[in-house]
There are 2 protein chains.
Amino acid sequence: MASGNGANGTGRRAGIEADEILDRALALVEAEGAEALTMRRLATELGVATTTIYWHIGNRDELVTAVVRRHGERVGRTPVAGDTARERVLDVARLIWRTSLEHREVTRLAAEHGASTLHARRLELTMARELEATGVIGAAARDAMRAITACVGGFIVAALRADLTPEALQRTTVLVDDDGASDLDPATREALTEPAELPAVFEATLRAVVDSVVPADLSANAYL
Amino acid sequence: MASGNGANGTGRRAGIEADEILDRALALVEAEGAEALTMRRLATELGVATTTIYWHIGNRDELVTAVVRRHGERVGRTPVAGDTARERVLDVARLIWRTSLEHREVTRLAAEHGASTLHARRLELTMARELEATGVIGAAARDAMRAITACVGGFIVAALRADLTPEALQRTTVLVDDDGASDLDPATREALTEPAELPAVFEATLRAVVDSVVPADLSANAYL
DNA sequence: ACCTGAACACCGTTCAAGT
DNA sequence: ACCTGAACACCGTTCAAGT
């Protein structure tokens, strides 16, 4: 926030304006992609001078953060399912994965910014809560959460690669017809030319990571 | 590549020039950060007109890809250690992690671009090879590799967050003093305000993922 | 307190023109 | 084949000025 109002503010009607800006920005991103969110573009979209955004929100960095955070607040309200706390930990992870891909332009916007974790802010809190319910507390809960979210984030980045243009994808994938690949098994060489079954790989890996971090469920029959 | 020469080229002395450009670009990125790599900046660095880069390399997308690939070729030559194939799979993963953080500006450049995987291109091939040695072949080898690299990549992104400015970091971390955190255990709440022990968490998670993907080592006593 | 217009210092990209 | 200068259409940001 630059100077405007904010949470600590006196209210007035500036708060309304700031929210308007963020909502419009979010709509712009979802409709036309992360790179459409420029100060000038957003300003004309709002019928306002560019500098008005600076007054209400701040510079582009702050705009992006605020937009992503706003999105995270919406998405974080999704209820979590699962009969056991461990199941609910898994479910939060799947929720982050799913919503990140559903709103991939917001995800991309967040990634461009190093704020990859932000759009799942509320969901991270939820995960910490469920981890506590499994008996993982304190620094262990934090580290467990970071391990899970790091892996989820990595899979999301991998999944977003599917949106690249064919040429860009080609340019940035491992080349099996290259120099050093000749000693690979032909089956492996051929498999490497095709994309992985990411959803299935994600699910399997997620389970392994959660297993490594959450103690074995000793009272599986306790919750119904 | 735009039109210039390239691998398929007739040689001449243009090839030399293209390599010069990439080396200079790489040096620029390592010295002054990913965002210093602009067409204009690189051109003045080379004492050449901006358009010359277009002729030899192509547009910025192609420049970035080429620079990252070149870096990946260097880094991919690092020998891999380990007595068993499984140990060597782990070692490749650690190598990707370590070199990505050592050359974090190149990593950032690659990430900005969705080419996160590219700087580890050669290393991915190495990993595929070692996976085969553990008995994982074909689509299973590909999926195993993707699982491991996705997680490694996620941890790298998490580690790079440490470079953010304090304000940006503050803005983008989960707020425990927020609304919904009051029901957390105080120890967890406090732990969440501090960064995770990423290297240790990485090592533990990596082992779990590799275990889930590589069959149990039947000759455990083979290594010493 | 809120908003504007004009200006500054950058970008990537294209294209006709030179040798 | 290789390189240039000039121009186009964008950026983010600042700042003095308005109400």
Side-chain angles (χ1 to χ4, degrees), chain A residues 1-22 24-25 28-29 32-67 109 112-115 165 167-168, chain B residues 1-22 24-25 28-29 32-67 109 112-115 165 167-168:
Chain A
M1 304 290 161
S3 53
N5 51 312
N8 55 335
T10 46
R12 275 272 211 228
R13 44 168 255 99
I16 300 172
E17 255 281 39
D19 281 358
E20 253 182 76
I21 295 174
L22 295 183
R24 204 68 163 247
L28 184 58
V29 169
E32 305 192 28
E35 73 285 353
L37 183 64
T38 72
M39 306 301 274
R40 287 173 143 94
R41 178 71 203 280
L42 178 57
T44 64
E45 204 80 17
L46 288 158
V48 103
T50 312
T51 40
T52 304
I53 299 172
Y54 283 83
W55 199 92
H56 281 290
I57 312 277
N59 64 15
R60 204 185 111 98
D61 256 29
E62 291 165 312
L63 172 65
V64 170
T65 322
V67 165
L109 184 69
E112 160 207 313
H113 192 81
T165 63
E167 316 92 66
Chain B
M1 305 290 163
S3 53
N5 51 313
N8 55 334
T10 46
R12 273 272 212 230
R13 44 170 255 99
I16 300 172
E17 255 279 40
D19 281 359
E20 254 182 77
I21 295 175
L22 295 183
R24 203 68 162 247
L28 183 59
V29 168
E32 306 192 28
E35 73 283 354
L37 183 64
T38 72
M39 306 302 272
R40 287 173 144 93
R41 178 70 203 281
L42 178 57
T44 63
E45 204 79 19
L46 288 159
V48 104
T50 312
T51 40
T52 304
I53 300 172
Y54 282 83
W55 199 91
H56 281 290
I57 312 276
N59 64 14
R60 203 186 113 95
D61 256 30
E62 292 163 312
L63 172 65
V64 171
T65 322
V67 165
L109 183 69
E112 158 207 315
H113 192 82
T165 63
E167 316 91 66

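Residue numbers start from 1 in every chain, and the chains themselves are labelled A, B, ... in the order their sequence lines are given, proteins ahead of strands.
We find that CD1 of A:Ile57 is positioned 13 Å from P of D:dT13, with the value rounded to whole Å. We find that CZ of A:Arg60 is positioned 22 Å from P of C:dA9, with the value rounded to whole Å. The interatomic distance linking B:Leu46 (CG) with D:dC3 (P) rounds to 11 Å, in whole Å. Atom CZ in B:Arg40 sits roughly 12 Å away from atom C1' in D:dG5 (whole-Å rounding). Nucleotide D:dG12 holds its P atom 14 Å from the CD atom of A:Glu62, rounded to whole Å. Distance A:Asn59 CG to C:dA9 C1': 16 Å, rounded to the nearest Å. Computed from coordinates, the A:Trp55 CH2 to C:dC2 C1' distance equals 6 Å when rounded to whole Å. Between the CG atom of B:Leu37 and the P atom of C:dC10 there is a distance of 17 Å, rounded to whole Å.
The listed nucleotides are C:dG12, C:dT4, D:dC3; the one nearest the side chain of B:Glu17 is D:dC3.
When every heavy atom of A:Leu109 is checked against every heavy atom of A:Leu37, the shortest pair comes out as CD2-CD2, 4.0 Å. For B:Glu62 against B:Ile57, the heavy-atom pair with the smallest separation is CB-O, 3.9 Å.
When the options A:Thr50, A:Thr52, A:Thr44, A:Thr51 are evaluated for a side chain to side chain contact (heavy atoms under 4.5 Å, CB included) with A:Val48, the one that passes is A:Thr52.
Nucleotide C:dA7: paired with D:dT13 (Watson-Crick or G-U wobble, both distances less than 3.5 Å).
The residues B:Glu45 and B:Arg41 are annotated as salt-bridged, a charged nitrogen and a carboxylate oxygen being separated by less than 4.0 angstrom.
Residue-to-nucleotide proximity on DNA chain C shows that, of B:Met39 and A:Thr50, the 5′-proximal contact is made by A:Thr50.
Comparing the P positions of D:dA9 and C:dA9 gives a spacing of 22 Å, expressed to the nearest Å.
In this structure, B:His56 does not reach the D:dA1 phosphate: none of its side-chain N or O atoms is under 4.0 Å from OP1 or OP2.
Taking 4.5 Å as the limit, some side-chain heavy atom of A:Leu63 sits within range of a side-chain heavy atom of A:Leu22.
Within the 4.0 angstrom heavy-atom criterion, base atoms lie near A:Thr51.
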